[in-house]
Amino acid sequence: QVRLVESGGGLVQPGGSLRLSCAASGFTFSSAVMSWYRQAPGEEREWVAVMDSVGGTNYAGSVKGRFTISRDNAKNTVYLQMNNLKPEDTAKYYCKVVRRGVAYWGQGTQVTVSS
C-alpha cells in the first residue's frame, strides 16, 4: 500500500535552514507528482511546493526563492530544502501523492522557527 514518511523537522532560529525528507513506498515513485503542504495551528492546510515526474516545479508565493523541492528517484524520496526560515513558516509539514484519484498523506513533521 502507499506509504509516505516525513522526517527532518525540528526547532530552528529565524534565518536558519532545514531539509525535510519524505520516503515513499507502495507505488511507482518516478512517475508520481509529489507535493509538500503545511498546516499551522488553527489554520487550513496549505500547499507549499510541487514537483512533477520530469523535474518541473512550482512554489507558493510565500516560499518562492527560499524553499526548493527536489527528488531522488533511486531512493524514492522527495525533499524540501528550506532556507531563510521565518517564524511564519512554523507548521507541520506533510508530503502528498495522488494515485488513481486518491490522495495519500504522510504523518507530518513539525517545523518550529523561533529564537
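In what follows, residues are counted from 1 in the order of the sequence shown. All heavy atoms count here, side chains included; hydrogens, waters and symmetry mates do not.
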**Report entry** Asn83: side chain to side chain donor-acceptor pair (under 3.5 Å) partners, not counting sequence neighbours
**Finding:** Ser17, Gln81
Query raised in the report: Short question: side chain of Gln13, backbone of Ser114 - any donor-acceptor pair under 3.5 Å?
Result: no
**Report entry** Joint cluster assignment, Val97 & Tyr94, ILVMFWY side-chain distance < 4.5 Å
**Finding:** no
Query - Interatomic distance, Phe29 atom CZ to Thr77 atom OG1 [nearest 0.5 angstrom] - result: 6.0 Å
Report task. Give a yes/no verdict on a cation-pi contact between Arg38 and Trp47, requiring under 6.0 Å between NZ or CZ and the six-membered ring centre and an angle within 45° of the axis. Result -> no
Report summary line: Hits for side chain to side chain donor-acceptor pair (under 3.5 Å) against Lys92, two or more places apart or cross-chain, chain-then-number order -> none
Query raised in the report: Which pair of heavy atoms, one from Ala24 and one from Leu4, lies closest together, and at what distance?
Result: CB-CD2, 3.7 Å
**Report entry** Flag, side chain of Thr90 to backbone of Glu88, donor-acceptor distance under 3.5 Å
**Finding:** no
Query raised in the report: Does Trp105 belong to the same Ile/Leu/Val/Met/Phe/Trp/Tyr cluster as Val111, with side-chain heavy atoms less than 4.5 Å apart forming each link?
Result: no
Query raised in the report: Does a side-chain heavy-atom distance below 4.5 Å link Trp36 with Glu6?
Result: yes
Requested in this report: Report yes if some heavy atom in the side chain of Phe67 is under 4.5 Å from a heavy atom in the side chain of Leu85; otherwise report no.
Outcome: yes
Report summary line: Note: Val48 and Tyr93 closest approach over all heavy atoms is CG2-CE2, 4.5 Å
Query raised in the report: Are there more than 12 heavy atoms of other residues, nucleotides or ligands under 6.0 Å from atom CZ of Arg99?
Result: yes
Report task. Taking Arg45 for its side chain and Ala40 for its backbone only, find out whether a donor-acceptor pair lies under 3.5 Å. Result -> no
Query - Within-4.5 Å side-chain heavy-atom neighbours: Leu20 and Met82 - result: yes
Query raised in the report: Is it the case that more than 12 heavy atoms not belonging to Glu44 sit under 6.0 Å from its CD atom?
Result: no
Report summary line: Residue set satisfying side chain to side chain contact (heavy atoms under 4.5 Å, CB included) with Ser70, at least two apart, ordered chain then number -> Tyr79
Query - ILVMFWY cluster, Val12 and Leu80 together (side-chain gap under 4.5 Å) - result: yes
Pairs of donor and acceptor atoms involving the side chains of residues 49-57, under 3.5 Å and at least two apart or interchain, shall be tabulated with distances.
unit_1: Asp52; atom_1: OD1; unit_2: Val54; atom_2: N; d: 3.0
unit_1: Asp52; atom_1: OD1; unit_2: Gly55; atom_2: N; d: 2.9
unit_1: Asp52; atom_1: OD1; unit_2: Gly56; atom_2: N; d: 2.6

Query - hydrophobic_cluster_shared for Phe27 and Val102, side chain cutoff 4.5 Å - result: yes
Query raised in the report: Below 4.5 Å, heavy atoms only, C-beta onward: do Cys95 and Ser35 meet side chain to side chain?
Result: no
Requested in this report: Answer yes or no: is there a side-chain heavy-atom contact under 4.5 Å between Val5 and Ser7?
Outcome: no
Requested in this report: Taking side chain to side chain donor-acceptor pair (under 3.5 Å) as the test, write out the residues that go with Tyr37, two or more places apart.
Outcome: Lys96
**Report entry** Qualifying side chain to side chain donor-acceptor pair (under 3.5 Å) pairs with a residue from residues 18-27, counting only residues at least two apart or across chains
**Finding:** none
